[in-house]
Every structure is written in C-alpha cells, then in structure tokens.
Student: 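Have a look at this one.
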2 protein chains.
Amino acid sequence: MKISTKGRYGTRALLEVALSQDEGLVQLKYIAERQQISLYYLERIIAPLVREGFLVSTRGPSGGVALGRRPEDIKVREVIELLEGSIAPVECVDDPSVCPRADSCATCDLWGEVKEAMEEVLDGVTLQDLVERQKKKLRDIAAK
Amino acid sequence: MKISTKGRYGTRALLEVALSQDEGLVQLKYIAERQQISLYYLERIIAPLVREGFLVSTRGPSGGVALGRRPEDIKVREVIELLEGSIAPVECVDDPSVCPRADSCATCDLWGEVKEAMEEVLDGVTLQDLVERQKKKLRDIAAK
DNA sequence: TCAATTGTTGACCATCTTTATCAACAATAT
DNA sequence: ATATTGTTGATAAAGATGGTCAACAATTGA
C-alpha cells in the first residue's frame, strides 16, 4: 500500500515552491537540493505538474517555476492522482468491468470504503494547509 | 497506492473458508477454483495464514483448511498486514529514523493521517462482517 | 502396510514497475 | 551570442510482483 516517490516527491516539490513563493521563481536545482531529490528525476515529476497547470515555468537564466494556482486551491489529492493515477487500492473500485465477480464481491466494497477514507483525508488538505503546518513545525523546533 | 494480489487473494480465500465453514475442511483446490486463483500461487498465500493461526490445516485425503479463529475475531487489517506488511503509505510513518527530514516534514504527518484513516476502516471490519455482507449481496442479487 | 491424496516448502523465473540517468533540444535573459 | 534553465525522448539497473514447479511430509483408507 505504498505511495510511490513520484507522489511523495511531487508533493514536497510543490510545498517547497509554495514556501519560497515570495522570492519569485524557484529553480529546479534549488528544489532538488533542498528536498534531496535527484535533479534528473525531479524533472520527470515537475513536467506533468507544469502540463496540468499546478506550476508555471520559465526557461533561461534566472528562470524557474512558480505556482500556477493559489495554494488554497490545490488539494493534495489532485497532486497524488495526477502523479500516480487513481488512489483506488484495487482497480475494480473504479471500474467494476475489470472483474467478473465485482458486483457480487464483498471485498470490492470494502476496498471502496478504504478509498473513500483516503480521499477524505487528501481532499481535506490543501497546499496552503501544508505550508502552514510546515511553518508551525519549524517554529516549534526553533522554540525548543 | 495499490494493494497487491497477496492481500486481496488472502482476504478472499479466508472469506471463502468462512462461507464454507459448516461443511468442514475446505480444500485449497476448491478455494482456488471458486476464487479463480492459481492453486500454486494460493499455496504461497495460505502458508503465512496457517503459520499465524488464521487457518489450521490438515494434510492427506479429505484434508484441507479451516478457520483457526472465530471470524468475529479476525480483523481484515490483521490479514492485510500479515500478507503485505505495514499499511503505512510511506516508511517514515512507521519509522522516522529512515528519513533525516522526518521530524520537520509536514508531508510525513499527512501520510500518517492517511494511514490512520485506512486503519480505521480495516480495523472496523471483521471476517464475520464480510461473511454477512457477502450473504446479503447474494440474497439481493437472487431477489432481483 | 501401501497407495493415493492433500498441504508445505524451497528454488526458480518472466514480467512489470520503480527510480532513476543522460543527452539533445528549446527558450530566454543579459 | 552565449550562458543558463526548463523539456523531452531514449535507455536501463534494481527490485517487486505474480506465478510455476518439483520434491517432500503427513494423513487416510483400503
């Protein structure tokens, strides 16, 4: 039941951009360093985020990426689904036709409930929420 | 975020045993046929279930497996965790020491919440619940 | 006791997914 | 112009997944 690095790195990359928003464009190199992600791999993850408008990019010297939407309007669920596909723990939850047993299978219903529980959490947290949580965590650590 | 066939097949196999409980021992071959799982692969999945006492087995002619615990006392979560390991979407949720960033990372907290939400669902459903749900589904289909 | 039957286990392997890496290219600021 | 920075297509190592097989152990019943 693991989330892959794409979803994890992607979320962290967006968070990094959101945190650095005030200073203008954020370079991939900077994100890669701060989040300890290979720059080459990060490129793979940023691409779909740009394509779908979560980020906007500018090439050339002093180029970089910035948020393409307000952080309050980006749900973590959207990011995960973009980078990993459906969150459904089994395919039959999204498409019963893949399993001949689907409509008479009690376990399929259960997996559907698991999916809904996960969705509820991930729908309830926006990038802005993550920013605030992150700032609070850093404050708490500094105060200690 | 997929659950692997081990967890899925294992759950279905236990359900099949629970449903056939009254007729005594259930053969692997029977489970494999009913659930459309390769017998060879099913052996792989049954083994840990026997080892951990979810099932008890008898070899030889007219042998088979039976539930080793009352279905009301088997939570789906236990089955999944046995067959797939922790349900945590990322490792750092269970063991913060794997990530140097863990204690100052807002996303790690979020993955923890996802885990808890899934646990809540899977802790709340026992094998007996699945049996009842399954019977109801079959009744509903028959009545239609 | 023997033979048939059924679960157990260790070894094996093809395929797919994950996690990258690199080089060539496109755009842009100075 | 040229250096810089994002984009994209090709490639691939490593690990997980899903499955198979054969030898073996236990048990039943004739």
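Computed from a predicted model, the values in this text were never measured in an experiment. Letters A, B, ... mirror the listed sequences (proteins, then strands); counts begin at 1.
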Student: About how many Å separate CG of B/L15 and CG of B/D129, when rounded to the nearest 0.5 Å?
Tutor: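 Answer rounded to 0.5 Å: 11.0 Å.
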Student: From the set D/dT5, C/dA20, C/dT19, return the single nucleotide nearest to any side-chain atom of A/Y9.
Tutor: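 Among D/dT5, C/dA20, C/dT19, the one nearest the side chain of A/Y9 is C/dA20.
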Student: Using atom CD1 of A/I46 as one end and atom C1' of C/dA20 as the other, report the distance to the nearest whole Å.
Tutor: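 Value for this atom pair: 15 Å.
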Student: Taking any heavy-atom pair under 4.0 Å as a contact, classify B/G63: base, sugar-phosphate, or nothing.
Tutor: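 The answer is sugar-phosphate, as B/G63 gets under 4.0 Å only of primed atoms, P, OP1 or OP2.
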Student: Mapping A/S62 and A/A47 to their closest nucleotides on DNA chain D, which lands nearer the 5' end?
Tutor: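 Its nearest nucleotide lies further toward 5', so the answer is A/S62.
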Student: What's the CG-C1' distance between B/L42 and D/dG19, to the nearest Å?
Tutor: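 Distance, rounded to whole Å: 12 Å.
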Student: Among D/dG9, D/dT4, D/dT7, which nucleotide sits nearest the side chain of A/R44?
Tutor: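 Nearest nucleotide to the side chain: D/dG9.
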Student: Both A/G60 and A/L39 contact DNA chain C. Taking the nearest nucleotide for each, which residue is further toward the 5' end?
Tutor: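 Between the two, 5'-proximity favours A/L39.
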Student: Given C/dT6, D/dG18, D/dA22, identify the nucleotide with an atom nearest to the side chain of B/R59.
Tutor: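 In terms of side-chain proximity for B/R59, the closest of C/dT6, D/dG18, D/dA22 is C/dT6.
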Student: What's the CD1-C1' distance between A/I37 and D/dG6, to the nearest Å?
Tutor: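 It is 16 Å, rounded to the nearest whole Å.
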Student: Nearest 0.5 Å, what's the CD-CD distance between A/Q27 and A/E33?
Tutor: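 These two atoms lie 9.5 Å from each other.
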Student: Which nucleotide in the set D/dG18, C/dT21, C/dA20 lies at the smallest distance from any side-chain heavy atom of B/T5?
Tutor: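 The answer is D/dG18, which lies nearest to the side chain.
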Student: Atom CZ of A/R8 and atom C1' of C/dT18: how far apart are they, to the nearest Å?
Tutor: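 Between C1' of C/dT18 and CZ of A/R8: 11 Å.
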Student: Could you give the OH-to-P distance, from A/Y40 to D/dG9, as a whole number of Å?
Tutor: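 My rounded result for the distance is 18 Å.
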Student: Please report the distance, rounded to the nearest Å, between NZ in A/K2 and P in C/dC16.
Tutor: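 Checked: the NZ to P distance equals 24 Å.
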Student: Have A/E84 and A/S4 got a donor and an acceptor in their side chains that come within less than 3.5 Å?
Tutor: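 A/E84 vs A/S4: donor-acceptor pair found between side chains.
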Student: What is the distance from NZ of A/K6 to P of C/dA20, rounded to the nearest Å?
Tutor: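 Atom NZ in A/K6 sits about 11 Å away from atom P in C/dA20.
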Student: In terms of side-chain heavy atoms of A/S57, which of C/dT19, D/dT7, C/dG7 is nearest?
Tutor: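 For the A/S57 side chain, the nearest candidate turns out to be D/dT7.
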Student: Which sits closer to the 5' end of DNA chain D, B/P61 or B/E43, going by the nucleotide each is nearest to?
Tutor: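 The 5'-side residue here is B/E43.
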Student: Tell me the interatomic distance from A/E91, atom CD, to D/dT17, atom C1', rounded to whole angstroms.
Tutor: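 To the nearest whole Å, that distance equals 15 Å.
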Student: From the options C/dT6, C/dT19, D/dT8, select the nucleotide whose nearest atom is closest to the side chain of B/K29.
Tutor: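 Closest of the options to the side chain of B/K29: C/dT6.
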Student: Answer yes if the side chains of B/T5 and B/Y41 hold a donor-acceptor pair under 3.5 Å, and no otherwise.
Tutor: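 Judged by distance alone, the side chains do pair up.
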Student: Return the nearest nucleotide to the side chain of B/Y41; candidates are D/dG18, C/dA20, C/dA23.
Tutor: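 That would be D/dG18.
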Student: So does B/D73 pair up with B/R70, basic N to acidic O under 4.0 Å?
Tutor: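 Yes, this pair counts.
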